[in-house]
Protein chains: 2
Amino acid sequence: MRHSTPQESTPCETCPLRKNPAFRPFDAQQLAFVKSFRTGEIAVAAGETVLSQGRASDSIYTVLKGWGYRYKSLDDGRLQILNFIMPGDLIGLQGAVLDEMGHSVNASSDMVLCVFNRRKLWSLFSEFPSLAYDLTWLASREEQLLDEHLVSLGRRSALERIAHVLLLLHDRAAETGAAPEGRMPYPFSQQQLADTLGLSLVHTNKTLRKLTDRGVMTWRDRSFVLTDRDALCEIAKYDYAEKQPRPFI
Amino acid sequence: MRHSTPQESTPCETCPLRKNPAFRPFDAQQLAFVKSFRTGEIAVAAGETVLSQGRASDSIYTVLKGWGYRYKSLDDGRLQILNFIMPGDLIGLQGAVLDEMGHSVNASSDMVLCVFNRRKLWSLFSEFPSLAYDLTWLASREEQLLDEHLVSLGRRSALERIAHVLLLLHDRAAETGAAPEGRMPYPFSQQQLADTLGLSLVHTNKTLRKLTDRGVMTWRDRSFVLTDRDALCEIAKYDYAEKQPRPFI
DNA sequence: CGGGTTCTTGACTAGTTTCAAGCAAAGTGG
DNA sequence: CCACTTTGCTTGAAACTAGTCAAGAACCCG
């Protein structure tokens, strides 16, 4: 893993996540513990690798800024994106609890990550059950997102799949205030969208065109705008559920 | 949820999982806590529903005997099986931590489940960090299985997918000693296999035939035998990793 | 202003689904 | 105990969705 020079640390007190109403507040004790659990902060440039499949990682990270994606690749070059990673998400837990990372993580935009020492994970469990519970919350939510993704790949048509991820991505970004007015500034390529949905690049492009022809969305500059959300929901059979403030570590 | 009359309880001391070398042992304190956490035991007949999508569940379960599957269904009847459930697996955590179950669980054979009170989950975190850690282990492993499944649905051909699940299913069963001599007695239909792999029943059947014609497996009486494991591994690009004793609750 | 990505489009092909029909095994009721 | 029904498996043919190949256009970066 290569990344840019470590930034000077943002102290936990001014952590961008803590100001965000989408995230639940910390009490003083929890904050004190998290400060001791944390070993620093790193910046990862767009396109670089944060974690590699097959390796054990010494660290766990919480995303402070930027977007990334979690993926698995096969020997012959086929690649499957498992999930997208946004601010507040925790990455590397699998590598900390099991012995080896089953997936890789790449940054799709410049990211800033809060770094935690894997070896102190145990003290989180023994001293801060409330944080351990939050960890489990985070793991359950990830499972729920994967479940939904599995339904898409297994049972939805290309058109439904695309409409569905677009809505999902938008709503996940909107949760943390990152998608104003239906505009989703996720910096990814059509190839990445294809690798997410288990489609070929060409078919993804043609399906995207079908959606823009119907006037429900536009794709430009590696991001998209939902111009007719209702129609998209109709296509994807998607319904939005109001989110409660969520935990993070 | 309807199930048969509650069986008389197997005491934790004679729990079938505890005797099984595939599972890590409990110490006396943990055992005492689990006994208080546990509210009883239920039997679920093959075909019945254990948990329903959309509902909150008051209980969490550990499978003592039998097999089942976790799935999501869409309004129009399409169905996607997310994962299979075997002895030692924990179900219902998502419903306990988040507020609603995003999936359903059905029994594919007669099952016996150990029932825990969702409301006491918090005391598990606060009093037994070692068990909380095990819970996280279990959640991470589920995530890993889902990741692998996602790769299958997204990037593997029908032939690869079938070879891959068959091996996975066999090895998961073998872990707990339930698949002697390559014979996997999983009682499921081809329709269920199709719903697992995101394929149609017809194509699943034809692909299964292709595999039996090549002499690598046989399918009979709703279970299968791996007659040429190496060839299957070759097709699926599958490699087996030795498993350590795993936790359970 | 080149050279490299990324996006776009058309033509052709392959893999998978859908439709349709028949068979076998297991259960059900008279 | 035997018709009758149901459920699961099997097979072929036709239709269609998505993949591959190929080539050009647009965009980005140095």
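All heavy atoms count here, side chains included; hydrogens, waters and symmetry mates do not.
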Exercise. Using five pairs at either end of the helix from C:dC1-D:dG30 to C:dG30-D:dC1, determine the angle between the two local helix axes and round it to 10 degrees.
Key: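 Terminal axis comparison yields 50°.
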Interatomic distance, [X] atom [atom1] to [Y] atom [atom2] [nearest 0.5 angstrom]:
X: A:Met86; Y: A:Glu175; atom1: CE; atom2: CD; value: 8.5 Å
X: B:Met111; Y: B:Ile85; atom1: CE; atom2: CD1; value: 6.0 Å
X: A:Leu197; Y: A:Thr207; atom1: CG; atom2: OG1; value: 9.5 Å
X: A:Arg155; Y: B:Leu74; atom1: CZ; atom2: CG; value: 9.5 Å
X: B:Cys15; Y: B:Phe248; atom1: SG; atom2: CZ; value: 5.0 Å
X: A:Arg214; Y: A:Arg209; atom1: CZ; atom2: CZ; value: 13.5 Å

Expected list for residues 206-216 of chain A near DNA chain C, using heavy atoms below 4.0 Å, is A:Lys206, A:Arg209
Contacting residues from residues 149-158 of chain B, given that a heavy atom lies under 4.0 angstrom of DNA chain C =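 Contacting residues: B:Ser157, B:Ala158.
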### Query
Does some side-chain heavy atom of A:Leu159 sit less than 4.5 Å from a side-chain heavy atom of A:His164?
no
Over 12 non-hydrogen atoms of neighbours within 6.0 angstrom of NZ in B:Lys210: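 Open: at most 12 neighbouring heavy atoms sit under 6.0 Å from NZ of B:Lys210.
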Below 4.0 Å from chain A heavy atoms, what is the first contacting nucleotide of DNA chain D and what is the last?
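Contacts span D:dA18 to D:dC21, reading 5' to 3'.
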Residues of residues 189-205 of chain B with a heavy atom under 4.0 Å from any atom of DNA chain D, listed by number, are B:Ser189, B:Gln190, B:Val202, B:Asn205
| message | Using the side-chain contact (heavy atoms from CB on, under 4.5 Å) criterion, which residues pair with B:Asp58? Sequence neighbours excluded. | response |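 Checked B:Asp58 against side-chain contact (heavy atoms from CB on, under 4.5 Å); matches are B:Arg119.
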B:Ser104 meets the side-chain contact (heavy atoms from CB on, under 4.5 Å) criterion, sequence neighbours left out, with B:Gln53, B:Tyr71
message: If we count only N and O atoms by modelled type, under 3.5 Å, do the side chains of B:Asn20 and B:Thr176 hold a donor and an acceptor together?
response: no
Solution key, residues 232-239 of chain B side-chain donor-acceptor pairs under 3.5 Å, sequence neighbours excluded:
from     : atom 1 : to       : atom 2 : distance (Å)
B:Lys237 : NZ     : B:Glu160 : OE2    : 2.8
B:Tyr238 : OH     : B:Asp171 : OD2    : 2.7

* To do: Not counting sequence neighbours, list each pair that qualifies as a salt bridge (charged side-chain N to carboxylate O under 4.0 Å, His left out) and has a residue in residues 104-113 of chain A.
  =>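 Checked against salt bridge (charged side-chain N to carboxylate O under 4.0 Å, His left out) - neighbours excluded - no pair reaches residues 104-113 of chain A.
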Would you confirm whether A:Glu100, through its side chain, and A:Gly95, through its main-chain N or O, come within 3.5 Å as a donor-acceptor pair?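 Flag not set: sc A:Glu100 to bb A:Gly95 has no pair under 3.5 Å.
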5'-most to 3'-most nt of DNA chain C touching chain B (<4.0 Å, heavy-atom partner on protein side) reads C:dT16 to C:dC19
| said: Would A:Phe188 and A:Tyr69 count as a ring pair (Phe, Tyr, Trp, His ring centres under 6.0 Å) here? Give the steps. | reply: CA-CA 10 Å; A:Phe188 55 13; A:Tyr69 57 96; 8.9 Å; no
Handout entry: Test side-chain hydrogen bond (donor to acceptor under 3.5 Å, both in side chains) applied to A:Asp230 - qualifying residues, sequence neighbours left out
Key =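 A:Asp230 satisfies side-chain hydrogen bond (donor to acceptor under 3.5 Å, both in side chains) with no other residue.
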Sequence neighbours excluded, the answer for side-chain hydrogen bond (donor to acceptor under 3.5 Å, both in side chains) partners of A:Asp76 is A:Arg78
